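Throughout, protein chains are lettered first and strands after them, A, B, ... in sequence-line order, and every chain is numbered starting at 1. Fair warning: this is a prediction, and the values are worked out from it, not measured in the lab.
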Number of protein chains: 2
Amino acid sequence: MAVKRPFEARRPSLKDVAEALGVTAATVSNAYNRPDQLSPALRERVLVTARSLGYPGPNPMARGLRRGRAGAIGVLYADRLSYAFKDPVAVELLSGIATATEAAGLGLLLVPGSPRTERDLEAPRRAAVDGFVIYSMSPDDPLLAAALERRLPIVTVDMPGLTDAPGVAIDDTAGARTVAEHLLGLGHRRLGILSLELTPAVRSGPADANRVASASYPVTRARLRGYQAAIVGAGLDWDGIPVYECAENSIEEGCIGAEQLLNTEPRPTALLAMSDTLGIGALEAVRRAGLSVPADVSIVGFDDIPEAARTDPPLTTVHEPHLNKGLKAGELLVALLAGEAHPDFVTLPTHLAVRSSTAPPRAAPRG
Amino acid sequence: MAVKRPFEARRPSLKDVAEALGVTAATVSNAYNRPDQLSPALRERVLVTARSLGYPGPNPMARGLRRGRAGAIGVLYADRLSYAFKDPVAVELLSGIATATEAAGLGLLLVPGSPRTERDLEAPRRAAVDGFVIYSMSPDDPLLAAALERRLPIVTVDMPGLTDAPGVAIDDTAGARTVAEHLLGLGHRRLGILSLELTPAVRSGPADANRVASASYPVTRARLRGYQAAIVGAGLDWDGIPVYECAENSIEEGCIGAEQLLNTEPRPTALLAMSDTLGIGALEAVRRAGLSVPADVSIVGFDDIPEAARTDPPLTTVHEPHLNKGLKAGELLVALLAGEAHPDFVTLPTHLAVRSSTAPPRAAPRG
DNA sequence: CAAGATGGCTTAATCGATTAAGTCTTGATC
DNA sequence: GATCAAGACTTAATCGATTAAGCCATCTTG
């Protein structure tokens with residue numbers, strides 16, 4: 001039962017404080033921003049008067065307009081914001097970015113927008129930011145185009161070669177190749193792939209060679225290429241490998257996809273999950289099928305999210321320095337905003353984290 | 001080696017586009033904001049010219065200033081931003097808030113600021129937002145005061161009764177009491193408490209009765225009260241219960257704290273962790289001590305983060321609707337901004353989620 | 001004591017848009 | 001053919017600050 005004030009007074013502005021004191025707006029402004037420009041006594045009076053008038057401090061938008069700085073950087077993400085928080089990888093990345101922006105005293109604006117409706121394109125246009133970190137977007141995403149039109153400094157993450165902007169990424173192809181080679185080296189010959197989204201036009205289900213070839217998300221593309229290189233390198237038929245595309249990077253989707261892959265004949269002895277989240281889902285699917293990991297089926301993930309080390313069994317995966325990636329991206333953008341010269345592109349190292357979800361296939365010859 | 005343009009041209013503004021076309025700025029503005037105000041042909045010409053001039057679209061800060069709307073809401077959090085992303089509870093809450101703001105077309109600005117230095121107080125002051133969601137802050141936090149001074153609409157989360165602002169919370173005391181009663185009901189008599197931070201002045205270690213009584217974080221206070229009510233209700237001595245305060249809500253801290261609690265004589269048969277994150281750490285500590293859960297030690301958490309259902313063994317805990325809490329908070333703030341009447345305070349229900357980390361103590365009489 | 005330095009405040013231009021109200025055409029209507 | 005309405009732009013005020021430059025009085029210094 002909050003009481004509505006009958007007379008909703010206009011919020012006081014700098015000028016009101018100035019008039020109340022008989023000084024000019026410039027002086028009040030200086031009281032806030034450049035204390036050395038006025039006597040301590042007057043400054044104190046200004047601050048006291050401001051408080052008593054209920055002046056909420058210099059309006060951030062007016063200040064931003066005048067100074068040409070928003071004091072925040074924007075993060076652009078392919079999916080809905082609410083989803084970004086469900087993805088441990090995105091969360092870690094954001095944490096890294098936040099560390100950098102926080103150190104620079106900048107805010108972090110999460111820009112809403114699934115690339116569905118026209119209205120969403122307004123989001124990056126309206127965002128009061130000094131630059132963007134653009135994370136893992138499809139090159140043909142209209143949201144990306146809208147952000148680029150702002151002509152602000154940008155840093156890309158996991159989008160190598162997409163723009164001439166600086167960015168940070170890992171070598172997804174090499175990572176994927178390494179983990180696939182790990183399985184092949186253990187002797188696995190029947191593999192299944194649990195893939196992330198292939199294109200912004202989402203769908204779940206088995207993906208045929210055509211669809212696989214049409215993958216537009218840079219990360220998905222790169223990892224598929226890595227798997228392919230290892231598989232072809234081992235003399236296996238790439239087109240014979242079943243691929244299940246998950247419309248969403250979630251445990252549930254991973255579980256459903258893995259279930260389907262486990263039903264293909266002959267049953268794969270190892271599953272390549274393109275993310276740990278999908279891998280955790282696969283772990284569950286194997287359990288539900290009454291099989292065990294790694295005795296019956298080996299599972300590998302990708303990303304090395306924190307939970308991967310705590311699953312049962314702990315997940316063999318490709319370690320990626322997410323936090324560092326975010327940190328670097330943030331620092332790059334901060335440096336860009338400061339007008340510093342910048343390195344063009346940073347590629348961070350990955351390494352295979354062998355844990356307990358992989359073993360040689362039952363009664364198989366060692367590779 | 002990005003090439004610096006030798007002559008960094010001023011960014012074109014509305015006026016530049018207008019002049020290039022021989023119309024007024026108003027017309028160009030209308031081309032963007034009110035297409036019905038001009039002929040489709042001219043609008044098209046405006047848009048084309050804008051593009052060819054490299055006009056990045058209406059400046060968000062200028063628009064925001066004029067319209068009196070920032071188009072974003074701020075989130076204020078007690079800790080460092082980077083930390084917020086490490087806390088699954090905060091992440092879920094943010095996800096909920098994001099859902100609401102996204103639906104309203106608003107951005108989400110994460111305001112940096114650990115309450116350390118004077119400089120940090122500038123963050124909430126500089127944030128270009130239309131309102132704040134304030135999450136679980138100590139009432140005496142200067143950051144909170146700084147945000148309040150902005151006199152913007154606010155919604156609190158997990159801070160019942162702290163301001164007269166609308167907010168959302170759960171009944172932490174009842175939840176804590178229920179989970180403690182669950183343990184007592186199983187027959188446990190020797191308990192240990194793994195507590196979250198008691199005050200903004202952080203420290204790790206055993207907390208004596210004085211320090212426990214001085215807890216200022218509303219959530220911590222409330223949960224302690226709940227434990228206390230159950231314990232006292234069971235006829236046990238509250239002051240005899242060892243409490244370990246974790247300076248940070250992390251698995252590592254939980255592990256360290258649990259280790260200490262397990263070393264007290266006589267060893268507790270059950271540990272009350274004030275969060276699932278601490279509980280997961282406790283699980284690890286028990287494992288390291290060569291004991292087993294729940295045979296030797298029962299562990300309960302609080303929060304019911306997603307991972308709690310997947311730990312080994314799955315954690316008995318108090319389920320809290322984090323996502324919903326965020327969603328409600330976001331919706332409340334959006335409604336407030338829209339000038340709608342609002343309910344004052346929402347208290348969301350919790351319930352006990354009994355899983356496999358609790359059992360009667362070994363060879364103990366049933367309670 | 002004149003010249004210069006310093007401190008303390010004001011002047012006035014400016015940042016880049018939005019929008020209610022007004023003007024001028026052109027076309028329809030009786 | 002006068003009247004009105006609608007359509008297409010323009011005028012001009014305004015949002016709330018920041019900041020370089022200027023002005024005046026007071027203090028220092030040789």
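- Rounded to whole Å, the distance from CD on A:Glu19 to P on C:dT10 is 13 Å.
- If you check every strand for non-hydrogen atoms under 4.0 Å, B:Asn30 touches a base.
- Distance from the side chain of B:Ala62 is smallest for C:dA17 among the nucleotides C:dA17, D:dA17, C:dT18.
- A:Thr27 has no side-chain polar atom (N or O) that falls below the 4.0 Å cut-off from OP1 or OP2 of C:dG8.
- Between B:Glu92 and B:Lys325 no salt bridge is recorded (no basic side-chain N to carboxylate O distance below 4.0 Å).
- At C:dA17, none of the side-chain N or O atoms of B:Asn59 fall inside 4.0 Å of OP1 or OP2 (strictly under the cut-off).
- A donor atom on one side chain and an acceptor atom on the other are found under 3.5 Å apart for B:Asn33 and B:Arg63.
- Within 4.0 Å of A:Val23, counting heavy atoms only, lie sugar-phosphate atoms of the nucleic acid but no base atom.
- Taking the side chain as every heavy atom from C-beta outward, B:Leu152 and B:Phe132 approach each other to under 4.5 Å.
- Residue A:Leu38 is in sugar-phosphate contact alone, with no base atom involved, counting any heavy-atom pair closer than 4.0 Å across all strands shown.
- D:dC15 atom P lies 10 Å from atom CG of A:Asp16, rounded to whole Å.
- Residue B:Tyr32 has no polar side-chain atom (N or O) positioned under 4.0 Å from OP1 or OP2 of C:dG16.
- Whole-Å rounding puts the B:Leu14 CG to C:dA17 C1' distance at 6 Å.
- Distances from the side chain of B:Arg34 to the nucleotides C:dT19, C:dC15, C:dT10 place C:dT19 closest.
- Among the nucleotides C:dT18, D:dG16, D:dT18, the one closest to the side chain of A:Pro58 is D:dT18.
- Under the 30°/60° scheme for interplanar angles, the aromatic rings of B:Tyr77 and B:Tyr135 are found to lie parallel.
- At whole-Å resolution of the value, CZ in A:Arg45 and C1' in C:dC9 are 12 Å apart.
- One interatomic measurement links the two molecules: CZ of B:Arg151 to P of D:dG16, which rounds to 16 Å at whole-angstrom precision.
- Per the geometry, CD belonging to B:Glu44 stands 17 Å off C1' belonging to D:dA8, to the nearest Å.
- In this structure, A:Ser29 reaches the D:dT18 phosphate: one of its side-chain N or O atoms is under 4.0 Å from OP1 or OP2.
- For the atom pair CG of A:Leu38 and CD of A:Glu44, the computed distance is 11.0 Å after rounding to the nearest 0.5 Å.
- Two residues are said to be in side-chain contact when any heavy atoms from C-beta on lie closer than 4.5 Å; A:Ile154 and A:Leu76 fail this criterion.
- The side chain of A:Arg63 contributes an N or O atom lying less than 4.0 Å from OP1 or OP2 of D:dT18.
- Atom pair A:Asp36:CG and D:dT19:P shows a separation of 12 Å (rounding to whole Å applied).
- Both A:Lys15 and A:Gln37 lie near DNA chain D, and the one whose nearest nucleotide falls closer to the 5' end is A:Lys15.
- With hydrogens and angles ignored, no donor-acceptor pair closer than 3.5 Å exists between the side chain of B:Arg67 and the base of C:dT18.
- Between B:Thr24 and D:dT11 there is no side-chain N or O to OP1 or OP2 distance below 4.0 Å.
- Residue A:Ser13 has a polar side-chain atom (N or O) positioned under 4.0 Å from OP1 or OP2 of D:dA17.
- Rounded to whole Å, the distance from CG on A:Leu65 to P on D:dC15 is 14 Å.
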